[in-house]
Amino acid sequence: MRISTESKPLPLRQISIQDNFWSEYIRLVREVVVPYQWEALNDRIEGVEPSHAIRNFKIAAGLEKGSFYGMVFQDSDVAKWLEAVSYLLEAEANPELGRLADEVIEIIAKAQQADGYLNTYFTLKEPGGRWTNLAECHELYCAGHMIEAAVAYYSATGKSKLLEVACRLADCIDGAFGPEEGKIRGYDGHPEIELALIKLARTTNNETYAELSRFFVDERGKEPGFYELEFHRRGGTVHFPSLDMVHDRAYSQAHMPVRRQETAEGHAVRAVYLIAGMADVAAETGDLELLEACRRLWRNIVSKRMYVTGAIGSMAQGESFSLDYDLPGDTAYAETCASIGLIFLAHRMLQIEAKSEYADVMERALFNTVISGMSQDGRHFFYVNPLEVWPEACGKNKNLDHVKPQRQGWFGCACCPPNIARLLASLGQYVYTASENTVYAHLFIGSEAEFCMADGHKVKLIQHSQLPWEGKVQFELVLENAVPFTLAVRVPDWCPEARLRINGDDWPSDPTVDGYVRIVRNWQPQDVVELDLAMPVLRIKGHPLLRETAGKVALQRGPVVYCLEEADNGPNLHQFALPASSEPSAHFDRGLLRGLQIIQAAAERAVAEEWDQQLYKANEAVRTEPVTATFIPYFAWANRGLGEMTVWVRESYGNPLEG
């Protein structure tokens, strides 16, 4: 029994994004990112690590000779690329891209084993090792991504070949796993299959897949520990010697049953993928206990373990969460995929319960960490997204070996680039959700969207948005006749004051419900809703238990977090201070990186010259000089060459204590 309050996103064919900010990103994905990644998957880009991902499938299909190359999860890069392609095709016809996708699908189908099994690593390298090392080897993770691609491609094109591959694969998994005698009572080290099976169940109306997903969710963390059992069964061999994925059960969220977990632990991407799958199972089955576990883990992440940029995962070891309020900026891991996974989770929670806290985090991660993960040319990417970078130290301080001061062309572990592509290609799904008689506007992105209400009436909603630079949003209603329904518009957490007008007249400022203004109205053709969102420059402070931000401030305007960059302010950014009396001002610079809103503020900078060769001084006040500090959006840093960057800035040098 599904949760009755659930709302649904629009199919991409029913929404078209036409936005001054986001349309360029989507064009970049369509014209640059997806073609570039196709070349990378085929090893045709000089100077970057080879992928071999397409060739692995060709070898497994018997179309070429050779051996497996790459990470054990290399198949997933192809699946995520196909998923991104599917979203692009659903939004806009592209015969050439469709032909290319069909060719890849033919290869994948030929690589599938007779019993439905599909995994090029085990087919080519360890044919006898199937389902023997779930803790480390990502079989179900790769299967999940292939299933997601299949569902997306079927939705986009109506072609069923890849969906049939996915169903045979899911049937193979169902035959191997479950509580029944003779089946494996286990689960993958990297959650992903859970949410994929729910998508497949909804597409095929086959509840077997939903039950299998529920099994994987509920089996995780039971005693005796499954990973230890399979470790002993295979003779104690490991795939990743540097990471103890077998015994460090918290790494893959297997330290206790998920319904009892209180804090987000382990590998950050795995954690949010798992909770997203839990939310899907809860929504599909009406499981309120599981939903409460999702809420509890969500609250722990966003209130104690999330960076101001919407990034998560503070520790390089295990790409993981560490502990509450441990959010260092310079050694942050903050993987791009983790923020994407956080968006997946937020989107699922929004569908279950329309509360603005989910959309606020979704927007924060999207405008900051996610698009920071890709350069403006669409060919370079960040895996790690620190909040403070000192390039010289990155080459010498081994604690910073994971931090790159410039985006890379590709990675041996290339999960992030295709993840960015599939998220941005499907961006239209995140703007609205709709239930029987309510349309929820979660994100302010210029678009045209078509809805069908419960009474059969058609509603076309045209949104004009000036975000993220100005807080002006307009909704035009295109109707054939009057239609009664509720339009619920989010008031973001960064907005101290919102003004709403309908057809030029002020709308009574009723209290928001869960962060949304709910306009209940018999809507008329050509009605216009105008929303003015105040966008002052906010001085963000960290919680008093956040050690790394004590005495510091970050600037935010609208959904965008800002940073200092060396290109504007010179080196040694740690010497800057932004006194409480300083009043930052924002203006748009059309000549900077295709046009950016920048913030400037009167600041002070420590003077180092008088210190000569002394490393420390007693009773010495730090002398400062006045400067103008220039802040740019965090997402735009590292597009102008090598240099320092910092989000958090000292608030004041102050005076030394006397006596």
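Since the model is a prediction, treat every value here as computed from it, not as a measurement. Numbers here simply count residues along the sequence, with the first being 1.
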task: Decide yes or no on salt bridge (charged side-chain N to carboxylate O under 4.0 Å, His left out) for Glu194 and Arg220, but give the supporting numbers first.
output: CA-CA 11 Å; Glu194 298 84 356; Arg220 184 175 293 272; 3.6 Å; yes
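- Phe57 places a side-chain heavy atom less than 4.5 Å from the side chain of Val78.
- No side-chain N or O of Tyr209 forms a donor-acceptor pair with one of Arg202 less than 3.5 Å apart.
- For the residue pair Val431 and Ser447, the shortest heavy atom distance occurs at CG1-OG, 4.3 Å.
- Glu284 and Ala210 get closest at one heavy-atom pair: CG-CB, 4.3 Å.
- The local environment of CD in Glu223 is crowded, with over 12 non-hydrogen atoms from other residues, nucleotides or ligands closer than 6.0 Å.
- The shortest heavy-atom contact between Arg518 and Ala354 is NH2-O, 4.0 Å.
- A side-chain N or O of Gln463 and one of Tyr432 form a donor-acceptor pair less than 3.5 Å apart.
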- request: Quick one: do Leu162 and Met146 satisfy side-chain contact (heavy atoms from CB on, under 4.5 Å)? Show the steps, please.
  value: CA-CA 9 Å; Leu162 189 58; Met146 192 61 70; 4.2 Å; yes
- request: Apply ring pair (Phe, Tyr, Trp, His ring centres under 6.0 Å) to Tyr227 and Tyr187, showing your working.
  value: CA-CA 9 Å; Tyr227 298 149; Tyr187 39 86; 5.2 Å; yes
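- Note: Phe21 and Phe635 meet the aromatic proximity criterion, with ring centroids under 6.0 Å apart.
- Between His138 and Phe240, the ring planes are perpendicular. Angles over 60° get that label, and only those under 30° would be called parallel.
- The distance from the CG atom of Leu424 to the CG atom of Leu28 is 9.0 Å, given to the nearest 0.5 Å.
- Under the 6.0 Å distance and 45° angle rule, Arg130 counts as a cation-pi partner of Tyr117.
- Other residues, nucleotides and ligands contribute more than 12 heavy atoms inside 6.0 Å of the CZ atom of Phe231.
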task: Show the numbers, then the answer: is there a salt bridge (charged side-chain N to carboxylate O under 4.0 Å, His left out) between Arg30 and Glu92?
output: CA-CA 10 Å; Arg30 180 185 297 110; Glu92 182 180 307; 3.7 Å; yes
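- For the salt bridge (Lys or Arg N to Asp or Glu O under 4.0 Å) test with Glu357, the passing option among Arg295, Arg299, Arg364 is Arg299; the others fail.
- In this structure, Tyr440 and His442 have parallel ring planes: the angle between them is below the 30° cut-off, well short of the 60° mark.
- In this structure, a donor-acceptor pair under 3.5 Å is present between the side chains of Thr336 and Asn385.
- No side-chain donor-acceptor contact under 3.5 Å links Arg270 and Gln253.
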- request: Using the ring pair (Phe, Tyr, Trp, His ring centres under 6.0 Å) rule, take Trp494 and Phe367 through it: C-alpha gap first, then chi angles, then the decisive distance, then the call.
  value: CA-CA 13 Å; Trp494 45 259; Phe367 271 100; 8.9 Å; no
- request: Would you sort out whether His190 and Phe73 count as a ring pair (Phe, Tyr, Trp, His ring centres under 6.0 Å), showing the intermediate values?
  value: CA-CA 10 Å; His190 196 312; Phe73 43 79; 7.9 Å; no
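- Between Leu10 and Gln429 the shortest side-chain heavy-atom distance does not fall below 4.5 Å.
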message: The test is side-chain hydrogen bond (donor to acceptor under 3.5 Å, both in side chains); show your working for Tyr333 and Glu319 and say whether it passes.
response: CA-CA 6 Å; Tyr333 203 78; Glu319 304 177 326; 2.7 Å; yes
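- Ring geometry for Tyr121 versus His239: interplanar angle over 60°, hence perpendicular rather than tilted (30 to 60°).
- Residues Glu265 and Thr263 bring a donor and an acceptor atom of their side chains to less than 3.5 Å of each other.
- Closest heavy-atom contact between Leu243 and Gln317: CD2-NE2, 3.7 Å.
- In terms of heavy-atom proximity, Ala196 sits nearest to Glu148 at CB-CG, 3.9 Å.
- Exactly one of Gln351, Glu363, Met349 qualifies for a side-chain contact (heavy atoms from CB on, under 4.5 Å) with Tyr358. That residue is Met349.
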message: The test is side-chain contact (heavy atoms from CB on, under 4.5 Å); show your working for Leu195 and Glu192 and say whether it passes.
response: CA-CA 6 Å; Leu195 60 90; Glu192 155 66 21; 4.1 Å; yes
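- Closest heavy-atom contact between Ile26 and Ile17: CD1-CD1, 3.6 Å.
- Using a distance-only test at 3.5 Å, with no hydrogens or angles considered, a donor-acceptor pair links the side chain of Glu139 to the main chain of Trp131.
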Criterion ring pair (Phe, Tyr, Trp, His ring centres under 6.0 Å) on Phe215 and Phe177, from CA distance to verdict: CA-CA 9 Å; Phe215 163 78; Phe177 292 87; 7.4 Å; no
CA sep, side-chain torsions, deciding dist, call: Glu292, Arg259, salt bridge (charged side-chain N to carboxylate O under 4.0 Å, His left out): CA-CA 8 Å; Glu292 185 56 36; Arg259 296 168 188 268; over 6 Å; no
field: Verdict with reasoning, Glu180 to Lys183, per salt bridge (charged side-chain N to carboxylate O under 4.0 Å, His left out)
entry: CA-CA 6 Å; Glu180 298 86 0; Lys183 289 188 175 183; 3.4 Å; yes
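- By the 30° and 60° cut-offs, the orientation of the rings of Tyr273 relative to His145 is perpendicular.
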